[in-house]
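Encoded as structure tokens, the structure appears first; notes follow it.
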Amino acid sequence: MGERDLIRAFERMLGVRGERVVYATGDDAAVVRAGGASVTSVDAIVEGVHFELATHSPGDVGHKALAVALSDLAAMGARPGEAYVVLGAPATFGEPAAVELVESMEALAERSGITIAGGDVTAAPVLILSVTVVGWAGGERDVAYRDGARPGHLVGVTGALGGSTAGLLVLEGLDAELAPAEREALIRRHRRPEPQLRIGAALAGAVVGAMIDVSDGIATDAGHVAERSGVCVEVRLADLPLAPGVEAVARAAGRDPLELAATGGDDYELLLTVSPARREVVESAARAAGTQVTWVGSVVAGAGARLVGIDGEVVELTGYEHP
């Protein structure tokens, strides 16, 4: 199947959601009704850097590419609007694999309420997916930023941590004592993360001080918030919520479970700061969104992220750092 035929096949697979999109795929550009604040993010995943086809199906790759981009909208508290996808594939990838990839993206798009409104297909030496997502908010004050953390704020995190890194270790052949359900859940956490769009939208605006998605590990992402806000973000390692199975995998790998949870990336939970007066509001919003918030630290005067161990000592840890 040639490029034009493949694009037409993708167009037949993709649906339009909401009233904002006037015209999606099929023309030189998409047409979208604007209004309020536009929130835009671009992400790319590359074979051999972010995933391996030996451990990820084409559907896994498609899901992950869109999920990673949507997680940025969740961190800003924006409502999903439109996505634009560039697929670069080697000749060996094949039409069935490309269709599986796009079907998986469309399944996540449907659940998330976003329209894949356009993109491009090109030849590439390895599989590459670049996804641009556009979210919407009523105005610039209805969005959460990284720079709103203030001394006295509580530090919380949604869901549980360490699952994606543990799943990767299992995929790479680590032999850990896990129940079958735990093993599959960890692998799925790595292959098919879920963006926290619902809780992100509920906490944006005047609720949280600062918010960021946990993509590089809380040890690094807490530092991003601290830098942008001009404060010190203190995290208590003993309070980090561990995904089921993480402790067993960490022990089998000869690593401390809390260290793995703090430094492992790709969890795509949300790290947030909030005034103590709004603690119950956050907890209630989390319950309504089907998740939970664990309070893991506080914001104090100073600079950078400070990770505190079980005995109260400061622990030097770093998550993923982009080259």
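Along the sequence shown, the residues carry numbers beginning at 1.
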Between [Y] and [X], is the closest basic N to carboxylate O distance under 4.0 Å?
X    : Y    : result
R279 : E283 : yes
R189 : D266 : no
E194 : R111 : yes

[X]: partners by side-chain contact (heavy atoms from CB on, under 4.5 Å), with sequence neighbours left out:
X    : value
A285 : I199, A202, L203
A109 : R17, L66, E106, I114, I116
L168 : E172, H190
D213 : S71, D72, A75, S215, Y268, L270

Legend entry - Test item: side-chain donor near acceptor, Q196 and T158, under 3.5 Å: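 T158 and Q196 do not have a side-chain donor-acceptor pair below 3.5 Å.
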Legend entry - Check: E259/T263 side-chain N/O donor and acceptor closer than 3.5 Å: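 E259 vs T263: donor-acceptor pair found between side chains.
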Legend entry - Pairwise distance OG1(T165) to CG(D267) - rounded to 0.5 angstrom: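 Answer for the OG1-CG pair, T165 versus D267, is 6.0 Å.
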Inset, instruction - Please list all pairs passing the ring pair (Phe, Tyr, Trp, His ring centres under 6.0 Å) test where one or both residues lie in residues 287-313, with sequence neighbours left out. - result: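 Listed by first then second residue: nothing to list.
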Legend entry - Test log, rule side-chain contact (heavy atoms from CB on, under 4.5 Å), inputs L260 and L258: CA-CA 5 Å; L260 186 148; L258 296 174; over 6 Å; no
Inset, instruction - Could you name each residue pair satisfying side chain to side chain donor-acceptor pair (under 3.5 Å) that touches residues 227-248, not counting sequence neighbours? - result: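 Pairs touching residues 227-248 that pass the test: E234-R306, R236-D239.
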